[in-house]
Visitor: 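Below is the structure I would like to discuss, written out as structure tokens.
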Amino acid sequence: MGKSDFLTPKAIANRIKSKGLQKLRWYCQMCQKQCRDENGFKCHCMSESHQRQLLLASENPDQFMDYFSDEFRTEFLELLSRRFGTKRVHNNIVYNEYISHREHIHMNATQWETLTDFTKWLGREGFCKVDETPKGWYIQYIDRDPETIRRQQELEKKKKQDLDDEEKTAKFIEEQVKRGMEAKAIETPVFTELSRESEEEKVTFNLNKGASTSGAAVAGSSLSNNALKSVTVAVKRKDTSQSQVKEKKKKCALDEIMEMEEQKKKTERTDNWLLPDIIVKIITRRLGEKYYKKKALIKEVINKYTAIVKLIDSGDKLKLDQTHLETVIPAPGKRVIVLNGGYKGNFGIMDSIDEKSFSATIVIDSVSS
């Protein structure tokens with residue numbers, strides 16, 4: 001066997017020794033070479049390759065330090081986000097897991113002298129939330145991924161909408177209770193005594209002059225008839241008003257709340273819209289360009305959010321999630337089915353399409369049971 005053979009005992013021993021982490025003081029960051037002992041590190045520092053690296057670094061030292069700092073920060077944050085997510089964790093735990101990787105960037109080659117300085121820098125730059133405790137520094141990763149931010153905004157919007165609906169319902173119930181209390185309140189008539197303010201005040205009547213007795217009689221009869229009519233009209237109005245109050249009493253606050261809930265069910269939307277025997281379009285590129293933007297027919301719906309589709313062109317069958325599909329809007333005059341909202345499951349005819357407002361008008365021709 002040759003001296004440098006792969007299977008010689010010395011070569012095997014060297015590979016065993018090189019496994020795992022070695023001492024940091026015998027590591028050269030410029031050459032990215034780990035030496036096993038002091039003698040090896042001294043020989044490496046006297047080598048020609050190491051001297052060339054030092055000459056290159058001396059020409060522009062800031063460039064090399066910025067490069068190693070960026071690499072250290074990127075790998076550290078990647079490990080923090082992948083391993084711990086947005087959990088609050090001690091910085092030493094993350095650092096020990098980071099340096100367990102043999103090819104990691106050492107901190108003595110970066111712009112930060114200690115792990116505490118690096119932790120404070122992460123807090124100042126807004127990469128993490130940091131706080132100091134008697135047990136040390138804790139860090140929490142801030143996820144700034146656009147998809148994560150969009151999901152958080154959707155959840156906050158949904159919570160706010162649910163809260164607004166609850167407030168509206170509570171306000172409506174309060175108004176109905178007040179209206180019911182007002183309807184129950186019976187107006188009691190107030191009787192006043194007929195009295196004159198002074199004894200000298202006279203009671204006068206204005207009568208038409210020149211009227212004969214017969215005319216007076218006729219006038220009296222007509223006056224009495226008018227009085228009776230006015231009385232009957234007043235009684236009718238009173239009866240009608242009482243009947244309206246009774247109708248209002250019959251329609252209590254609970255009935256109106258039930259009507260409002262039914263109206264809300266007609267207008268509310270669900271997060272699933274898949275139905276069998278409808279035409280959809282594949283919008284994901286994960287399956288390749290062969291299936292991208294291809295139309296398919298839903299053959300079966302599994303667990304509300306997954307569908308088995310059959311491509312119209314090739315006849316291939318695929319199992320896809322709802323997020324990888326979108327609906328196909330037909331031309332005016334074609335039959336459609338409502339997939340969400342108050343008329344979900346109803347069939348109709350496409351009347352018109354407004355591309356500017358992203359809306360369409362359909363005519364419902366049959367109502368599902």
Visitor: So Arg83 and Val89, side chain to side chain contact (heavy atoms under 4.5 Å, CB included) or not? Walk me through it.
Guide: CA-CA 11 Å; Arg83 176 70 174 81; Val89 63; over 6 Å; no
Visitor: Flag yes if Ile283 and Tyr305 sit in one hydrophobic cluster, no otherwise; membership is Ile, Leu, Val, Met, Phe, Trp, Tyr, and two members link when side-chain heavy atoms are under 4.5 Å apart.
Guide: no
Visitor: So with a 6.0 Å cut-off around OH of Tyr292, is the heavy-atom count from everything else above 12?
Guide: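 Count over threshold, so yes.
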Visitor: Does a side-chain heavy-atom distance below 4.5 Å link Glu174 with Val177?
Guide: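 When only atoms from C-beta onward are counted, Val177 and Glu174 do not touch, as no gap falls below 4.5 Å.
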Visitor: Report whether Tyr141 and Tyr138 are members of the same hydrophobic cluster (ILVMFWY, side-chain heavy atoms less than 4.5 Å apart, transitive linking).
Guide: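 No.
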Visitor: Could you see if Leu318 belongs to whatever hydrophobic cluster contains Leu297? Use Ile, Leu, Val, Met, Phe, Trp, Tyr and a side-chain cutoff under 4.5 Å.
Guide: no
Visitor: Would a distance-only check, ignoring hydrogens and angles, find a side-chain to backbone donor-acceptor pair under 3.5 Å from Glu71 to Asp66?
Guide: no
Visitor: Are Ile312 and Val309 connected into the same hydrophobic cluster when the rule is that any two of I, L, V, M, F, W, Y join if their side-chain heavy atoms are below 4.5 Å apart?
Guide: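 Not linked; separate clusters.
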Visitor: Please assess Ile278 against Thr327 for the test side chain to side chain contact (heavy atoms under 4.5 Å, CB included), listing each intermediate value before the final yes or no.
Guide: CA-CA 8 Å; Ile278 64 172; Thr327 56; 5.6 Å; no
Visitor: Check this for me: Glu113, atom CD, are more than 12 non-hydrogen atoms of other residues, nucleotides or ligands nearer than 6.0 Å?
Guide: no
Visitor: Between Gly136 and His90, what is the shortest heavy-atom contact and its length?
Guide: CA-NE2, 3.6 Å
Visitor: Hey, is CD on Glu355 packed in by over 12 heavy atoms from elsewhere, all under 6.0 Å?
Guide: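 Count not over threshold, so no.
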Visitor: To the nearest 0.5 Å, how far apart are NZ in Lys293 and NZ in Lys295?
Guide: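 Interatomic distance, Lys293 NZ to Lys295 NZ, rounded to 0.5 Å: 11.0 Å.
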Visitor: More than 12 heavy atoms of other residues, nucleotides or ligands under 6.0 Å from CD of Glu48: yes or no?
Guide: no
Visitor: Quick check for you: to the nearest 0.5 Å, what is the distance between Cys128 atom SG and Asp143 atom CG?
Guide: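 If we round to the nearest 0.5 Å, Cys128:SG and Asp143:CG are 11.0 Å apart.
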Visitor: Does a side-chain heavy-atom distance below 4.5 Å link Leu287 with Leu320?
Guide: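 In short, these two side chains touch, coming nearer than 4.5 Å.
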Visitor: Just verifying a value: how many Å separate Ile282 CD1 and His324 NE2, rounded to the nearest 0.5 Å?
Guide: 10.5 Å
Visitor: Please determine which of Leu80, Val130, Thr119 meets the side chain to side chain contact (heavy atoms under 4.5 Å, CB included) test together with Asn91.
Guide: Thr119
Visitor: If you measure from CZ on Arg88 to OG1 on Thr133, what distance do you get to the nearest 0.5 Å?
Guide: 6.0 Å
Visitor: Work out which heavy atom in Ile329 is nearest to a heavy atom in Met350; give both atom names and the distance.
Guide: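 The answer is CG2-CE, 3.8 Å.
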Visitor: Could you walk me through whether Arg335 and Ile349 pass the side chain to side chain contact (heavy atoms under 4.5 Å, CB included) check?
Guide: CA-CA 5 Å; Arg335 287 183 61 80; Ile349 303 296; 3.5 Å; yes
Visitor: Stepwise, does the side chain to side chain contact (heavy atoms under 4.5 Å, CB included) test hold for Glu97 with Val94?
Guide: CA-CA 5 Å; Glu97 189 164 343; Val94 186; 5.9 Å; no
Visitor: Taking Glu289 first and then Arg285, would you say they form a salt bridge - that is, a charged N and a carboxylate O separated by under 4.0 Å?
Guide: yes
Visitor: What's the shortest heavy-atom distance between Ile302 and Lys319, and which atoms?
Guide: CD1-CE, 4.1 Å
Visitor: Side chain of Gln322, backbone of Asp271: donor and acceptor closer than 3.5 Å?
Guide: yes
Visitor: Is there a side-chain contact between Thr270 and Asn340 (heavy atoms, below 4.5 Å)?
Guide: yes
Visitor: Do the rings of Phe72 and Trp112 sit parallel, tilted or perpendicular, given the 30° and 60° boundaries?
Guide: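 Tilted: the ring planes of Phe72 and Trp112 meet at 30° to 60°.
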Visitor: Do Leu77 and Leu122 come within less than 4.5 Å of each other through their side chains, counting heavy atoms only?
Guide: yes
Visitor: Is it the case that the ring center of Phe76 lies less than 6.0 angstrom away from the ring center of Phe118?
Guide: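 Centroid distance Phe118-Phe76: below 6.0 Å, so yes.
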Visitor: One pair to check against side chain to side chain donor-acceptor pair (under 3.5 Å): Asn303 and Thr306. What are the steps and the verdict?
Guide: CA-CA 6 Å; Asn303 296 332; Thr306 308; 5.9 Å; no
Visitor: Just wondering, more than 12 heavy atoms not from Arg286 lying within 6.0 Å of its CZ?
Guide: no
Visitor: What is the minimum heavy-atom distance between Ile298 and Ala307, and which atoms define it?
Guide: CG2-CB, 4.0 Å
Visitor: According to a hydrophobic-cluster definition based on side-chain heavy atoms being under 4.5 Å apart (Ile, Leu, Val, Met, Phe, Trp, Tyr only), do Trp137 and Ile139 belong together?
Guide: yes
Visitor: Roughly how far, to the nearest 0.5 Å, is NZ of Lys178 from CD of Glu175?
Guide: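 It comes to 7.5 Å.
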Visitor: Met46 and Gln51: which non-hydrogen atoms are nearest, and at how many Å?
Guide: CA-NE2, 4.3 Å
Visitor: What closest approach, in Å, do Val328 and Lys281 show between heavy atoms, and which atom pair accounts for it?
Guide: CG2-N, 3.8 Å
Visitor: Counting only heavy atoms from other residues, nucleotides and ligands, does the tally under 6.0 Å from CD1 of Ile279 exceed 12?
Guide: no
Visitor: Rounded to the nearest 0.5 Å, what separation is found between the NZ atom of Lys290 and the OG atom of Ser314?
Guide: 6.0 Å
